[in-house]
Amino acid sequence: MLNRRRFLTITSGLAGAALASQLPVARAFGTPAFANYPFSLGVASGDPLPDGVVLWTRLAPDPFTPDGGMPHYQFPVQWKVCNDEAMTEVVREGTALATPEYAHSVHVDVRGLRPDRWYYYQFRAGSELSPVGRTRTAPAPGTASGSLVFTMASCQNFPAGYFAAYRHMAERDLDLVVHLGDYIYEGPAQGSLGRGHLPAKGCQTLEDYRIRYAQYKSDADLQAAHAAAPWLVSLDDHEVQNNWTGTDTDESFLRRRAAALQAYYENQPVRLSSPPQGPDMVLYRRLTFGDLASFSVLDTRQYRSDQPCGGGIKPRCAEALDPAQTMTGPEQERWLLEGLDASTARWNLIAQQTIMAELDFLAGPGEEYQTDNWAGYVAARERILSFLHQRRPANPVVLSGDIHATFVNDLKLNFADPASPTIGTELICTSITSGKPDHLNDRIEAARGDNPHVKFYNGRQRGYVRCEVTAQELRSDLLFLDDVTDPDSAVRTQATYVVESGRPGAEQVA
Ligand code: FE
Ligand code: CA
């Protein structure tokens, strides 16, 4: 804690300076001022409300350099929101300042929009126009909405494959993309596809993370998915460092964490209640879509206790059962449960990172669990699941990523007893590109009989999950790419599962 306090005093002054920038505004506005196209990273929107949405872009004429090719002064960026894709019927417009302190990113929290509607948006910097993005506001509270289509995405290690899953996502109807973490990977991996990581040394500093995001954001398929619909983003470990937790508090790691979280903010269409402040950024939040659906977006890294039992895949040790083990921290846990208790939504979706259902990796007698997921935080999981059982918020569905495999799981009051009540469903999307070693797939497939609450498993292919929610049901298509190393790969629906409202547990229908 001493380290953290000292670190905060070092950095809080800097954050304050960034807020009230004394830097001059560019005088070149209105004249061609860019060596290259400045909207090289595309546009995005996110965190939709009934009356507004966050619009994002970043000026980066030379994206793979520390400053993105931008001079060290503030730059005005005009934005407008229209009813039509031709951008003629203007609904809202304004000017935002892109500052070098935030890598010339722009976050416009547009308000005054009408609920449950599609809008189009575009930015202008100097004489350059951005691509046109499409976004949608949420239905108003108390209103019934016919349906909501959202996709689940996670784990997009750039060198491991092409983002074809995003191209397919963007080509079909969708209202929302829910990202469950590992939007970037921080390491030096190069892969064999000619998509090696930048910077090749891996990410430690703010400049490193900025270049890493620029590399991912330069991908045309990812840009298409961002431009097609608003996103709800969360983060997991690789946005900062493999398997980090809130207990990693040495000063060099906190510096790295502050750099990583700032770059995350600079590159994502999020609405923060307060600006990034050193190594801390409040990212858990709840978005509501009329009476139909509520998304509680969790942060299971910043407030998490350390992985128990020495980490890895292990027989369960006493530490994993310690009631003090937490994924969310007590404050976020209280916020989650109180929010679920107060919710009037038909579907209560919990978007978070690691597999929540029990997963025994050891076929036959004995058990082994992965300590980085909820299996290492048993009491915290039990508090949530027994709350769901006792307080009965409507139709709880947990949305997870991280494990590079698609699962459909029954969430059981007691996973050791197949007769114990099913109190909700967990859907896990496979990775967009990140690999899963054969030996882990072999183990999980061999132990299917040890995990009867797992109804579907595929860790051999990459892809995404597409969900359509109505008052009656949540229907999820499990989509997989033929070949993630082929940029033109087709995608196929391998199975479709339905959860009927009022009946916990998913059933296969196709
Ligand atoms: Fe991952
Ligand atoms: Ca076993």
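For ligands, and for the atoms within them, numbers begin at 1 and follow the listed sequence.
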- Using a distance threshold of 2.8 Å, what protein N/O/S atoms lie below it relative to the Fe ion (ligand 1)? C155 SG, D182 OD2, Y185 OH, H404 NE2
- Query: Are H168 and Y464 close enough that their ring centres sit under 6.0 Å apart?
  - Reply: no
- Query: Taking the six-membered ring where the residue is Trp, are the ring centres of F456 and F407 under 6.0 Å apart?
  - Reply: no
[Y] and [X] aromatic ring geometry - parallel, tilted or perpendicular at 30°/60° bounds:
X: F295; Y: F150; answer: perpendicular
X: H197; Y: Y216; answer: parallel
X: H179; Y: Y166; answer: parallel

- Message: Between the side chains of D219 and R195, is the shortest nitrogen-to-carboxylate-oxygen separation below 4.0 Å, so that they form an ion pair?
- Response: yes
- Task: Look at G364 and state whether any of its N, O or S atoms is less than 3.0 Å from the Ca ion (ligand 2).
- Result: yes
- N, O or S of L362 under 3.0 Å from the Ca ion (ligand 2): yes
- Metal-centred angle, the Ca ion (ligand 2) as apex - O of G366, OD2 of D450, 10° resolution: 160°
- Give the name of the N/O/S atom in D360 that lies closest to the Ca ion (ligand 2). OD2
- Query: Any chance the side chains of Q353 and D402 put a donor and an acceptor closer than 3.5 Å?
  - Reply: no
- Message: Rounded at 0.5 Å granularity, tell me how far CD1 in I428 sits from CD in Q352.
- Response: 8.5 Å
